[in-house]
Amino acid sequence: MDLFSAQHPDFVSLAEGACWLPGFALPVMDTLWSGLQQHLSAYPPQQMMTPMGLMSVRTSSMGSWGWVGNSRGYAYSATQPGKHLPWPAIQPVILKLAEEAARRAGYPDFVPDSCLINVYAPGSKMGLHQDKDEMDFTQPIVSLSLGIPATFLFGGAKRTDKPVKIPLQHGDVVVWGGASRRFYHGVLQVKTNIHPLVGAQRINLTLRKAR
DNA sequence: TAGTGCCG
DNA sequence: CAAT
């Protein structure tokens, strides 16, 4: 490994089946942000309820299935909350980026049908949880960060496993599947900051195959 | 257990 | 770790 790639690794292994790809999406971020801004205007993110209380993040979706929470639990829904309208298709730039990241991580057959969009204002966070409402656990999760930095917590199979802290920045991608597909993960409270393109917020896109 | 606050 |  030469000096440049030692300082700027493009692949960091987190666990069996899981990796962090720092800056993987940087070449498409301007295009991606342009499309995402239009989506967020048309489909404003909403705070979801959970059995435990109101989430601090705001959520929107693209794709055939959108993630929804309510006081009884979590589910994937073909329609927007409180409406009878479907979500728009996953934007081609996002779909291609997710498939390329999955391939780089060792999942060449990734076909996402759901893109969950989580918007973190400063102070927002996400507690440790598992993504386990999908049908096919052979398909990985692909996560893309935009905007201000945040600390991603990547734990293990048990809630009590000590998480690794990953400082995610604009353009970073994390992929987890295989043995780590159901590992606990979360996000520490986001600190106040300004990103030159995205402003005072962090946005996370999570691509999955829900059905 | 996709949140929160209390307790030791 | 409750209470869902």
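Chain A is the first sequence line, chain B the second, and so forth, proteins listed ahead of strands; every chain is numbered from 1.
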#### Entry: Residues forming a side chain to side chain donor-acceptor pair (under 3.5 Å) with A/T50, sequence neighbours excluded
none
### Query
Quick one: do A/V142 and A/V119 end up in the same hydrophobic cluster if we chain Ile, Leu, Val, Met, Phe, Trp and Tyr together by side-chain heavy atoms under 4.5 Å apart?
yes
### Query
If you write DNA chain B from 5' to 3' in dot-bracket form, with Watson-Crick or G-U pairs under 3.5 Å, [ ] for crossing pairs and | for pairs with another strand, what do you get?
...||...
### Length of the line joining A/L54:CG and C/dT4:P, which is rounded to integer Å
17 Å
### Query
How would you label the contact of A/R58 with the nucleic acid (heavy atoms, under 4.0 Å): base, sugar-phosphate, or nothing?
nothing
#### Entry: Near-strand residues of residues 120-129 of chain A, defined as heavy-atom separation under 4.0 angstrom from DNA chain B
A/K125, A/M126, A/G127, A/L128, A/H129
### Task
Looking at every strand, decide which applies to A/R72 at a 4.0 Å heavy-atom threshold: base, sugar-phosphate, or nothing.
nothing
### Query
Counting only heavy atoms not in A/Q37, do more than 12 fall under 6.0 Å of its CD?
yes
### Message
Between A/K125 and A/V187, does the side-chain contact (heavy atoms from CB on, under 4.5 Å) criterion hold? Intermediate values first, please.
### Response
CA-CA 5 Å; A/K125 63 194 172 182; A/V187 178; 5.7 Å; no
### Message
Checking one residue: A/L153. Which other hydrophobic residues are in its cluster under the side-chain 4.5 Å linking rule?
### Response
A/L128, A/Y184, A/L188
### Task
Check whether NZ of the Lys or CZ of the Arg A/R181 lies under 6.0 Å from the centre of the six-membered ring of A/F137 and within 45 degrees of that ring's axis.
no
### Summary
Note: with side-chain heavy atoms under 4.5 Å as the link, the other cluster members for A/W87 come out as A/Y43
### Message
Test: side chain to side chain donor-acceptor pair (under 3.5 Å). Region: residues 54-70 of chain A. Which pairs qualify, not counting sequence neighbours?
### Response
A/H39-A/S60, A/Q47-A/R58, A/T59-A/N118
